[in-house]
Visitor: 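My questions will all concern the structure given below.
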2 protein chains.
Amino acid sequence: MDDGSTAPASPPTLYDVAREAGVSIATASRALNGSARNVRSENASRVRAAAVKLGYEPHLSAQAIAKGSTRTVALVVRDVADPYFSSIAAGVTEEAQAAELIVTMAVADGSPERELEIVRTLRGQRPRAIIVAGSRVDGAGTRDALIEELAEYRTAGGRVVLISQRDLPFSTVMIDNHDGAARLAVALLGAGYRRFAVFHAPGEIRTSRDRHTGFLAGLRGSGVPEPLAIETGFTRAGGYDAARRLVERGFEDVEAVFAVNDVMAIGAMTAFRDAGVIPGADVGVAGFDDISSAVDVVPALTSVAVPLREAGLSALRLALSDVSHDVLMPADIVLRASTPPR
Amino acid sequence: MDDGSTAPASPPTLYDVAREAGVSIATASRALNGSARNVRSENASRVRAAAVKLGYEPHLSAQAIAKGSTRTVALVVRDVADPYFSSIAAGVTEEAQAAELIVTMAVADGSPERELEIVRTLRGQRPRAIIVAGSRVDGAGTRDALIEELAEYRTAGGRVVLISQRDLPFSTVMIDNHDGAARLAVALLGAGYRRFAVFHAPGEIRTSRDRHTGFLAGLRGSGVPEPLAIETGFTRAGGYDAARRLVERGFEDVEAVFAVNDVMAIGAMTAFRDAGVIPGADVGVAGFDDISSAVDVVPALTSVAVPLREAGLSALRLALSDVSHDVLMPADIVLRASTPPR
DNA sequence: TTGTACGCGTTATCAC
DNA sequence: GTGATAACGCGTACAA
């Protein structure tokens with residue numbers, strides 16, 4: 001077919017290495033992988049030399065199929081560019097490197113269908129574990145389908161770990177959304193705030209809902225009026241938009257805003273300022289997650305600190321251990337200048 | 001060996017599906033993978049039914065070894081949690097999903113040795129392409145080793161694409177660091193600034209060096225004094241620290257600071273403020289990258305916008321195309337309140 | 001249209 | 001210690 005001028009250039013195989021070293025393929029395998037130390041050292045070094053000379057690198061797929069197991073873990077997140085998920089991803093990859101595992105990452109983009117499809121393809125990789133970081137959305141048949149897919153994966157010997165809320169029957173690294181938000185509410189009450197608005201995402205997003213209801217729970221019994229709820233996107237743009245709408249509506253009846261995550265809160269702060277409203281002075285603002293930029297914004301953002309990187313670390317550790325339980329990541333309230341005492 | 005109470009639970013294979021459907025393994029393969037449409041539709045549906053019933057998912061490693069190619073691309077970054085890299089990663093994964101490719105990600109953590117080691121293991125995956133996002137560091141033998149490793153991968157049929165500067169002999173998506181910084185310098189001169197400090201990273205970091213020298217080049221001929229150069233880390237903490245040092249030293253002779261990336265600039269702004277120095281008013285601050293938080297910081301940060309996500313998209317597209325050339329991502333100066341005209 | 005059989009690169013089980 | 005050789009799960013000539 002080809003004119004054959006250039007070879008198809010396929011990578012060297014173990015067979016090539018063995019031939020180069022003048023030994024059998026079996027010996028070459030042993031020398032390189034060394035499941036047993038029973039190779040004459042002279043031969044071993046010849047093989048190693050041949051390997052580097054040829055630029056040989058073992059074919060992981062071939063190893064996987066021969067050994068019946070991979071050194072791969074799969075991670076699915078909603079959006080890598082979001083600091084929330086990239087922090088988790090950083091934790092997972094860090095722990096993976098330590099365990100000499102390769103991590104493959106997929107982005108669900110907030111779509112349950114996409115998420116399901118991703119888990120399906122990922123299963124084909126036969127990864128040691130699949131870690132799904134909180135893009136979970138309630139309702140729809142996709143939820144059951146996802147459960148089934150993950151369950152099949154598990155019965156086939158895979159480990160699955162979820163990060164966020166325990167709303168699916170799998171080991172999960174839980175973020176203390178409800179209680180964290182409740183304690184934030186109490187802290188804000190303590191700072192003298194009594195009239196609130198909550199910027200939240202649509203109800204199918206579990207994380208948003210838990211933080212929202214948690215906040216309300218924290219307020220309960222204090223006698224403060226029911227917070228104004230403004231629904232918007234779970235993103236910076238969503239926060240910006242909600243704040244803009246709040247200003248247009250008039251915000252005389254709200255002293256502080258709780259946005260269910262920091263990027264929303266930060267977007268809201270900018271929107272406020274763009275509208276001539278000074279965050280911290282004219283209106284308090286609080287978020288959730290305590291992403292790193294929370295301290296670089298002005299005024300510094302009150303938030304609920306969640307050890308995201310550690311959550312990633314624990315998730316993989318949990319996946320690799322053979323016990324199956326849950327882990328709760330603590331949430332710490334951190335009051336900053338965006339909610340000065342009043 | 002085992003008491004056999006619970007089966008080892010290995011995933012169903014194509015063979016199981018074939019048996020369940022009452023056809024040969026070849027027919028099953030054809031029905032599911034469908035390289036040709038020559039399967040009686042009745043059989044085809046039986047096979048598909050059997051597949052879903054058994055929860056079958058093709059073993060990607062087995063397919064890879066049988067077909068001789070994977071549907072995988074590898075991405076190596078310095079730090080996922082850094083918005084610079086996570087934006088690139090977002091672009092790469094987005095394009096990958098579109099091409100139905102799985103992306104495996106590794107973190108080099110700023111260590112050339114680690115980077116080399118990563119590329120080596122990644123080669124074992126036999127990915128379609130390896131994309132290395134600018135953690136390149138000059139000097140040391142690791143550079144040549146990396147070149148050789150990537151070259152071997154390429155001659156073995158792999159595609160390699162670099163993101164950042166064209167300092168290695170491979171297709172690269174170039175960020176216009178030098179020229180962007182030069183134009184920023186000109187813009188700042190135009191805004192009336194004449195005495196500068198530059199916060200830069202150690203010289204081995206190419207990106208930092210290029211932006212630094214580019215800035216100096218932009219100043220050249222204008223007759224302004226040589227900028228004060230402060231070396232620090234390439235991170236937010238580095239920026240914070242540099243600013244602190246500058247304040248301690250006294251900054252009467254500097255009107256504006258150019259930090260070679262935005263996270264450094266943002267860290268610097270916070271440090272200035274912590275020291276009672278108002279960014280924008282007492283000292284101008286400019287960064288590079290135009291990460292999303294640049295507009296959420298106060299005052300909004302002057303920066304050089306680089307389409308990072310697009311860089312990721314192009315990188316993968318370039319890797320998949322069979323031409324081998326370079327792509328230059330434009331850099332746009334965006335003047336904001338952190339460098340008001342004076 | 002379908003099934004048999006071989007090959008992909010590797011590990012593991014044997015004999016030697 | 002070493003070398004054949006049979007797996008591993010799948011694709012695909014080739015023959016039927």
Side-chain angles (χ1 to χ4, degrees), chain A residues 1 8-47 50-51 54-72 121 123-127 156-157, chain B residues 1 8-47 50-51 54-72 121 123-127 156-157:
Chain A
M1 329 299 192
S10 69
T13 75
L14 187 57
Y15 178 75
D16 299 324
V17 176
R19 192 163 36 115
E20 174 78 21
V23 299
S24 83
I25 173 175
T27 313
S29 175
R30 284 187 278 250
L32 261 18
N33 190 318
S35 52
R37 272 284 149 272
N38 31 13
V39 174
R40 210 192 326 173
S41 63
E42 181 196 325
N43 273 345
S45 39
R46 288 173 57 117
V47 171
L54 267 41
Y56 168 78
E57 209 58 46
H59 194 308
L60 263 31
S61 288
Q63 287 191 156
I65 181 183
K67 306 215 265 209
S69 74
T70 16
R71 299 204 60 80
T72 295
T121 0
R123 280 190 56 196
Q125 282 245 26
R126 302 289 186 273
Chain B
M1 330 298 193
S10 70
T13 75
L14 187 56
Y15 178 76
D16 299 323
V17 176
R19 192 163 36 116
E20 173 79 22
V23 299
S24 82
I25 175 174
T27 310
S29 174
R30 285 186 277 251
L32 292 177
N33 190 318
S35 53
R37 272 283 149 272
N38 31 13
V39 174
R40 210 195 322 175
S41 62
E42 183 196 324
N43 274 345
S45 40
R46 288 173 58 117
V47 171
L54 267 42
Y56 170 77
E57 209 59 46
H59 194 308
L60 263 31
S61 288
Q63 287 191 157
I65 181 183
K67 306 215 268 209
S69 74
T70 21
R71 300 204 58 80
T72 294
T121 4
R123 279 189 58 196
Q125 281 244 25
R126 302 289 187 274

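In what follows, chains are A, B, ... by sequence order, proteins preceding strands, each numbered from 1.
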Visitor: Less than 4.5 Å apart, any side-chain heavy atom of Leu32(A) and any of Pro58(A)?
Guide: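 Leu32(A) vs Pro58(A): side chains apart.
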Visitor: Where the side chain of Leu14(A) is concerned, which of dG11(D), dT10(C), dG3(C) is the nearest nucleotide?
Guide: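 Taking heavy atoms from C-beta onward, the closest nucleotide is dT10(C).
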Visitor: I need the Ile65(B) CD1 to His59(B) NE2 distance, nearest 0.5 Å.
Guide: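 With rounding to 0.5 Å, CD1 (Ile65(B)) is 10.0 Å from NE2 (His59(B)).
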Visitor: Please state how far atom CD in Gln125(A) lies from atom C1' in dC10(D), giving the value in whole angstrom units.
Guide: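 Going from Gln125(A) (CD) to dC10(D) (C1'), I get 16 Å.
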Visitor: Which of the following nucleotides, dT11(C), dT12(D), dA4(D), is nearest to the side chain of Ser29(A)?
Guide: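 Between dT11(C), dT12(D), dA4(D), the one nearest the side chain of Ser29(A) would be dT11(C).
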Visitor: Without decimals, in angstroms, what is the distance between Arg46(A) CZ and dG1(D) P?
Guide: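 It works out to 17 Å between those atoms.
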Visitor: Grab the CD1-P distance between Ile25(B) and dC8(D) for me, whole Å please.
Guide: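 Result: 11 Å.
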Visitor: With sequence neighbours left out, write down each residue that passes salt bridge (charged side-chain N to carboxylate O under 4.0 Å, His left out) with Arg126(A), or none if nothing qualifies.
Guide: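 Arg126(A): no salt bridge (charged side-chain N to carboxylate O under 4.0 Å, His left out) contacts found.
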Visitor: On DNA chain C, nearest-nucleotide positions of Ala44(B) versus Pro12(A): which is more 5'?
Guide: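 In this pair, the answer is Ala44(B).
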Visitor: Any idea which of dT12(D), dT10(C), dG3(C) is nearest the Thr13(A) side chain?
Guide: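 Nearest to the side-chain atoms of Thr13(A), counting from C-beta on, is dT10(C).
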Visitor: Once you round it to whole Å, what is the distance between P of dC6(C) and NZ of Lys67(B)?
Guide: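 It works out to 23 Å between those atoms.
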Visitor: By salt bridge (charged side-chain N to carboxylate O under 4.0 Å, His left out), which residues pair with Glu20(A), not counting sequence neighbours?
Guide: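 Only Lys53(A) meet the salt bridge (charged side-chain N to carboxylate O under 4.0 Å, His left out) criterion with Glu20(A).
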Visitor: Are Arg46(A) and Val17(A) close enough that some pair of their side-chain heavy atoms sits under 4.5 Å apart?
Guide: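 Side-chain contact under 4.5 Å: no.
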Visitor: OG1/Thr27(A) to CG/Asn43(A) distance, rounded to the nearest 0.5 angstrom?
Guide: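 Rounded to the nearest 0.5 Å, the OG1-CG separation comes out at 6.5 Å.
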Visitor: On the nucleotide dT11(C), are OP1 or OP2 found under 4.0 Å from the side-chain N or O atoms that Asn33(A) carries?
Guide: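 The answer is yes; a side-chain N or O of Asn33(A) sits under 4.0 Å from OP1 or OP2.
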Visitor: Once you round to the nearest 0.5 Å, how far does OG1 of Thr13(A) lie from CD1 of Ile25(A)?
Guide: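 Between Thr13(A) OG1 and Ile25(A) CD1, I get 6.5 Å after rounding to 0.5 Å.
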Visitor: Kindly write out the residues that satisfy salt bridge (charged side-chain N to carboxylate O under 4.0 Å, His left out) with Arg19(A), not counting sequence neighbours, or none if the list is empty.
Guide: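 Salt bridge (charged side-chain N to carboxylate O under 4.0 Å, His left out) check on Arg19(A) returns Asp16(A).
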Visitor: For nucleotides 14-16 of chain C, give me every protein contact, N/O to N/O, under 3.5 Å, one pair per line with atom names.
Guide:
none

Visitor: Toward the 5' end of DNA chain C, which comes first, Arg126(B) or Thr27(B), by nearest nucleotide?
Guide: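 By nearest-heavy-atom nucleotide position, the 5'-most residue is Thr27(B).
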Visitor: Let me test you: for the helix from dT1(C)-dA16(D) to dC16(C)-dG1(D), what is the angle between the axes at its two ends (five pairs each), rounded to 10 degrees?
Guide: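 For the helix from dT1(C)-dA16(D) to dC16(C)-dG1(D), the axes at opposite ends meet at about 40°.
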Visitor: Rounded to whole angstroms, how far apart are CD on Glu42(A) and C1' on dT2(D)?
Guide: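 After rounding, the gap between these two atoms is 14 Å.
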Visitor: Nearest heavy-atom pair of Ser61(A) and Ala64(B): which atoms, and what distance?
Guide: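 Distance-wise, the nearest heavy atoms are OG-CB, 3.8 Å.
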Visitor: Select one nucleotide: of dT11(C), dG1(D), dG9(D), the one nearest the side-chain heavy atoms of Arg40(A).
Guide: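 The answer is dG1(D), which lies nearest to the side chain.
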Visitor: Round to a whole Å and report the spacing from CZ of Arg19(A) to P of dT2(D).
Guide: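 Result: 20 Å.
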Visitor: Would you please confirm or rule out a distance under 4.0 Å between OP1 or OP2 of dT2(D) and any side-chain N or O of Asn43(A)?
Guide: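 Asn43(A) to dT2(D) OP1/OP2: side-chain N or O found under 4.0 Å.
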Visitor: For Asn38(B) and dG11(D), what is the distance between atoms CG and P respectively, to the nearest whole Å?
Guide: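 One finds 14 Å between P of dG11(D) and CG of Asn38(B), rounded.
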Visitor: Between Tyr15(B) and dG3(C), is there a side-chain N or O to OP1/OP2 distance below 4.0 Å?
Guide: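 The answer is no; no side-chain N or O of Tyr15(B) sits under 4.0 Å from OP1 or OP2.
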Visitor: Can you sort out which residues in residues 57-65 of chain A have a heavy atom within less than 4.0 Å of DNA chain C? Ascending by number, please.
Guide: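 Nucleic-acid contacts, sorted: Pro58(A), His59(A), Ala62(A), Gln63(A), Ile65(A).
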Visitor: Measure the spacing between CG of Leu14(A) and CG of Asn33(A) and express it to the nearest 0.5 Å.
Guide: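 Rounded to the nearest 0.5 Å, the CG-CG separation comes out at 9.5 Å.
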Visitor: From CZ of Arg71(A) over to C1' of dT11(C), roughly how many Å is that when rounded to an integer?
Guide: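 Spelled out: CZ on Arg71(A) to C1' on dT11(C) is 15 Å.
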Visitor: Measuring from atom CD of Gln125(A) to atom OG1 of Thr70(A), what distance do you get when rounded to the nearest 0.5 angstrom?
Guide: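 Answer for the CD-OG1 pair, Gln125(A) versus Thr70(A), is 7.5 Å.
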Visitor: Looking at side-chain heavy atoms only, is the closest gap between Arg30(A) and Asn38(A) below 4.5 Å?
Guide: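 Contact flag for Arg30(A)/Asn38(A) side chains = yes.
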